[in-house]
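These notes are about the structure you will find just below.
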Amino acid sequence: MRANVIVFPGSNCDRDAAVALQSAMSAAGNMMSAPKMVWHGDSELPESDLILVPGGFSYGDYLRSGAMAAHSPVMREVVRQAKGGTPVLGICNGFQVLTEAGLLPGVLMRNASLRFVCKDVYLRVERDDTAFAGHYKKDQVVRIPIAHKDGCYFADPSTMYLLENEDRIAFRYCEEDGTITDAANPNGSSANIAGIYNETGTVLGMMPHPERLIDPALSGTDGAKMFSSLVEKLH
Amino acid sequence: MSGAANVAAETPALSEELVAEHGISPDEYERLLKELGREPTLTELGVFSVMWSEHCSYKSSRVWLKKLPTSGPQVIQGPGENAGVVSLGDGQAAVFKMESHNHPSYIEPYQGAATGVGGIMRDVFTMGARPIANMNALRFGSPSHPKTRHLVAGVVSGIGDYGNCMGVPTIGGETNFDPRYNDNILVNAMCVGLVDADRIFKSAAKGVGLPVVYVGSKTGRDGIHGATMASAEFDESSEEKRPTVQVGDPFTEKLLLEACLELMNEDVIVAIQDMGAAGLTSSSVEMADKGGVGIDLDLDRVPMREEGMTAYEMLLSESQERMLMVLKPGSEPVAERIFKKWELDFAVIGKTTDTGHFVARHNGAVEADIPLPALAHAAPVYERPYEKRDPLPTIAAEDVTAPPSILNALERLLGSPHLSSRRWIYEQYDHMVMGDTVQRPGGDSGVVRVHGTNKGLAVSCDVTPRYCAADPYEGGKQAVAECWRNLTATGAKPLAITDCLNFGNPERPEIMGEFVGAIEGMAEACKVFHFPVVSGNVSLYNETNGVAIPPTPAVGGVGLIADIAEMSDIALKADGDVILLLGKETGHLGQSIYMTVMEDRLDGAPPPVDLASERIVGDLVRGLIKARTVDAVHDCGDGGLLVAIAEMALAGKRGVALEAPPEDLPAHAVWFGEDQARYVVAATPDKVNTIKDVAAIYNVPVRVLGTVGEDTITLPGEAPLPLGMLRAAYEDWLPRFMTRG
C-alpha cells in the first residue's frame, strides 16, 4: 500500500505512526513500500491509499491547535484527496488539523482540567464497518493512550445531532466495562467523544494514540489492530 | 590585533559599586586588572562577571569535583563537554546530563522550569544525540507554605509543555516536600540521548579562519545576567529579578533539534556549543579556548529580536534556543540551506583567529578584547574553608513510638506528602511519545527501549535530602547507592551517573563542609560500584536570608538492559507467588519517613550504607532477574519494607498475606525501618529454594515475607487492609492538595 505521513514543523509522532504502519505491513507480509514522509511545504502529494496526519505540536500550536498546519500547502492536497475518497487518519494534533481544515466538524478545546494529560484510557468502539476499525468489534472496549492538552471535543447541537444520527462517532471514552460515564471522560468531550468520522467513514480523527500500543513490550497491543485493519482493507 | 589599544584609550575607570554589582569581589577585580593589563570596558566587565561567576567557573567546587571518579571502560566522554557519553555496545552510545534551574524556577516557575528542560536537551543534542528520555528531580517547600501549590503547578506545567512539545518522553523523576525548601525550590532536569559512538560532536574549535555561525532564535534582552543571578543568594528583593529569567520556545527548539541533527549528517561541523548560561560569551569562549584559537565576533551580524541592544546586552543575553557552530570553510551554504528549511535564523557572525583573544566588535568599535586564558583559566579557584559537623547519634528503635496498628500506619505513610503517588505530576508529562517507553513512571526506574533493538536504557534520579542534612557523607553514599539499586531492580547493569550538586552558600564553612562530605561519600560509592560520574552541574547559593537548603546532591543514573525480555518491574504478577526480602534487617528508624509522619520529627543518624553489601545484594538480584528466577523486584527505600511491599501490591493490583515478623526487633522497626541494601522480590513457589540457595552462596540473608493473593494486605493480629482503601490514600493526597483552595 502507498501511505503518506504528513510532517509539519513540530510534528513529533510522525515516526511512531510510520513505525506502527510499517510493523502492521510486515506482519501482513506486505513489504511493498515504506510509508513516505511528506514535508508540509510540499505542494504535491503523491497519490496514496492512506494519508496519516500524525500527532505533535504543529507550529508549536501557538495560535490554536492545528490552525496553522491546516493552511500548509500540503493540506490543500490532503483535502483534495480526502474528498476524492482517500482514507485519512488524523491522530491527536492530526485530529485538530483535520477539524481546522474542515474535513471533520467541531473543534478540540482545552481539556476541562486545563492540564495536559498522558495516560491509558478505555474506548468503546462505536463502529466496526470502516477500514480503520475492521479488526475491532462494535461495542468492544479497547485500551489506548491519550496525551494532549486540547482534546475536549465540542460541536454545536445540530452537528452533534448529525454525528449521532449518522453513526459517525468512532470511539467514546468509557469505563473498563464499556459504560459511558463522566468519570471516564478524561477531557470533558461532548458525549465522551474520542474520535469521529466524516460522512463517508473515510476520514477518521481521534485524540487517542493507537500507534503507542502496538507491541506487548509497550504493555498493550490494542492499537495495532487499527493498523492491521488498514493494511488488510487498503492493501 | 589593534583592538586593545583602542579599547583602553576610551575606557574610564569603573566605579567600585559597578564592579560589586557584577558580583566581582575587590580581590577578583585586582586579578582582572592584572590579567587584562588595563581597565576593562563595561562590556568586558560584563564578560568577566559571567565567565568568572560560580555558575560558569565552578570556582568553589572545582578542587573537590576532582575527587569524583570519572573513568571506566564504558566511558566515551567524561566531564568537560556538553554532556557525558557511555557506550551501549554495538556502536551505540548514551549521552546524558542533569542540570539545575533552581533560581529562575523559584522566581518564575513556569518559564524557569521550561527553559531548564530546554537547556538540558540542547546540551544533549549538541553532542549529536537525539534525546530519547527526560527526567526531573524536584524539591518543594512544605505543603502548608502559601507558595508551594503555585510553584508545583508552574514547574510541572513548564516542564510538561516544553518536553511534550519536543516529543521526548519524560519517564520519571522524584519530588520531595520539605519546609527547608520553602524559599529555594530545586528544579533539576536530566536528559538522555542516543548517538552512534563514531558520530559524537564536540566543542573544540580547532583551526584558524573558520566561520563562526549563529543559528536558532533571535537574540533579545531576556536572561541577561542569569548566570550571575544563579551565583548569589536570595533576599526580599529576589522577585524583582524576574526579568533575568529566560523565556522558552519549545517549538523553535524542536526545529533546532531537527535542523542540527540534519546538518550533523553532512560532514561540515568542526565544533558546536549551545548558548546556555552566559549565552554568546560562554559558548564562544569555550569553543575557542578548547580549540586553542582566538575568536572574533561581529555583533552587527547577530540576528536580533529587539532594536538598540548594546554589545554588553548581546554578549550577556540568555535568549533560548540558540546554537553557535564553527564550520569547515566553504560549507556555509549547505548549513544555511538546512536552517532556512527549518525556518531558523542563520548568520555567519565571526571567525576563528590566531590571536588567542576573544574580540567582540559592534557598530565599528571594538567592545571587548580579552586574552582567552584570562576568561577560561584565570578565573579564581577557591579552596574555601570548611567545617564538618559531628555525626548525630543513632536512635534506637525502642526510642521511636510504636503505632497502635502497623497497617493503619502504612495507610498514613502512603497517604502523606512524602510517599503518595506522583501520578498528578507524571500524567502531565508525555511519557509514551517515541513509542519505546517499556517502563512508565511510578516504578524504580523509567526504561526506554533503544529504538529498533531489544536493548533497554534504565534511568533513575535519586537523593534523600533528609539523610544528607543529617550526615552529608552517608547521604552522598546513599544517593549513589539508591540510584544504583533502582537501576539494578529493573535488571539493568548500572553504567554511569550525572550529578546535580545543590547546596547553600559555599562561603560559609558549614555549607562547604556539607559539600565536601557529600562529594567524599559519592566518590566512595562510585568507586565501589564502578559507577563513574560523566557529567554534572553545581548549583550553590541556594539560600535565602542566610538559611540554606538541605544539601541535595541529586544523582541521575543510566543502566543498560541487554534484552528487555529480561527486564523486571515492581508489579506483583501472580496470586500464589511468594515474596521475599533479600538483605540484612536492623530496623533503623532514625531520619525515617515513619518518624517524620508519625512523630513529626527528624532525628538521629541516617541509615548507614554498607557499600560492600550493597554491591553483593545488588549483583545477586540482577543475576536472579536475568535468570528469570524472580518475577517482580522493588528496592527498599523511603518508608521501608512494608511501603515497598505495598507499592508492589498497588502496582500489581494484588494483595499480600504477610507472616509475622522476626521477634528480635520491634515490629514497627521491621516494617518501617529504612535499612539500605535491601530488595523485595516475588517468585513462584518452586523458585524459593533456588533463591535461598543462591543467596546463601553470597551470604545474603533471605526472609520469606508472605504470599501474593486476594485484594487485601493482611498481617497476623490486625484487621485486613483493603487495597482499595490503601490506593485511595496513596492516590488522593497530591490531586487533593493541588485543587484545594
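If you're wondering where the values come from, they're calculated on a predicted model, not measured in any experiment. Naming convention: chains lettered A, B, ... in sequence-line order (proteins, then strands); numbering from 1 in each chain.
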* **Contact origin within B:Met166 toward chain A - heavy atom pairs under 4.5 Å** =>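 Only the backbone of B:Met166 comes within 4.5 Å of chain A.
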More than 12 heavy atoms from other groups under 6.0 Å of [atom1] on [X]:
| X | atom1 | result |
| --- | --- | --- |
| B:Asn265 | CG | yes |
| B:Lys573 | NZ | yes |
| B:Lys653 | NZ | no |
| A:Arg64 | CZ | no |

When rounded to the nearest 0.5 angstrom, what distance separates [atom1] in [X] from [atom2] in [Y]?
| X | Y | atom1 | atom2 | result |
| --- | --- | --- | --- | --- |
| A:Tyr62 | B:Phe251 | OH | CZ | 7.5 Å |
| B:Met432 | A:Cys13 | CE | SG | 11.0 Å |
| B:Ser157 | A:Lys149 | OG | NZ | 5.5 Å |
| B:Lys254 | A:Tyr59 | NZ | OH | 14.0 Å |
| B:Tyr426 | A:Lys119 | OH | NZ | 11.0 Å |
| B:Leu257 | A:Asn12 | CG | CG | 10.5 Å |

If you compare all heavy atoms of [X] against all heavy atoms of [Y], which two are closest, and at what distance to 0.1 Å?
| X | Y | result |
| --- | --- | --- |
| B:Cys165 | A:Gly60 | SG-CA, 4.5 Å |
| A:Cys118 | B:Tyr429 | CB-O, 3.4 Å |
| B:Val433 | A:Asp16 | C-OD2, 3.8 Å |

Measuring heavy-atom distances to chain B, does [X] have an atom under 4.5 Å in its side chain, in its backbone, in both, or in neither?
| X | value |
| --- | --- |
| A:Ser113 | neither |
| A:Ile214 | neither |
| A:Val117 | both |

* **When B:Asp249, B:Leu255, B:Val168, B:Asp161 are compared by non-hydrogen pairs under 4.5 Å with chain A, the top option** =>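 Looking at each option in turn, the highest pair count goes to B:Asp249.
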* Winner by heavy-atom pair count (cut-off under 4.5 Å) against chain A, out of B:Thr252, B:Ile564, B:Val156, B:Asn164 ->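 Answer, by heavy-atom pair count under 4.5 Å with chain A: B:Asn164.
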* Asked: So which pairs with a foot in residues 221-235 of chain A pass salt bridge (Lys or Arg N to Asp or Glu O under 4.0 Å), sequence neighbours left out?
  ->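 Counting only pairs at least two positions apart or across chains, no salt bridge (Lys or Arg N to Asp or Glu O under 4.0 Å) contact touches residues 221-235 of chain A.
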* For chain A, which residues from residues 434-444 of chain B have at least one heavy atom closer than 4.5 Å to it? ->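 Within residues 434-444 of chain B, near chain A: B:Met434, B:Gly435, B:Asp436, B:Thr437, B:Val438, B:Arg440.
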* Counting heavy-atom pairs under 4.5 Å to chain B, which of A:Ser219, A:Pro145, A:Ala217 comes out on top? ->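 Between A:Ser219, A:Pro145, A:Ala217, the count favours A:Ala217.
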* To do: With the side chain counted from C-beta on, respond yes when B:Arg449 and A:Asp215 share a heavy-atom pair under 4.5 Å apart, and no when they do not.
  =>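 With C-beta onward as the side chain, the pair touches.
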* Trace of the side-chain contact (heavy atoms from CB on, under 4.5 Å) decision for A:Arg115 with B:Glu427 -> CA-CA 9 Å; A:Arg115 293 190 301 273; B:Glu427 283 189 349; over 6 Å; no
* Are any side-chain N or O atoms of B:Asp430 and backbone N or O atoms of A:Phe116, one a donor and one an acceptor, separated by less than 3.5 Å? ->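 Answer holds: no.
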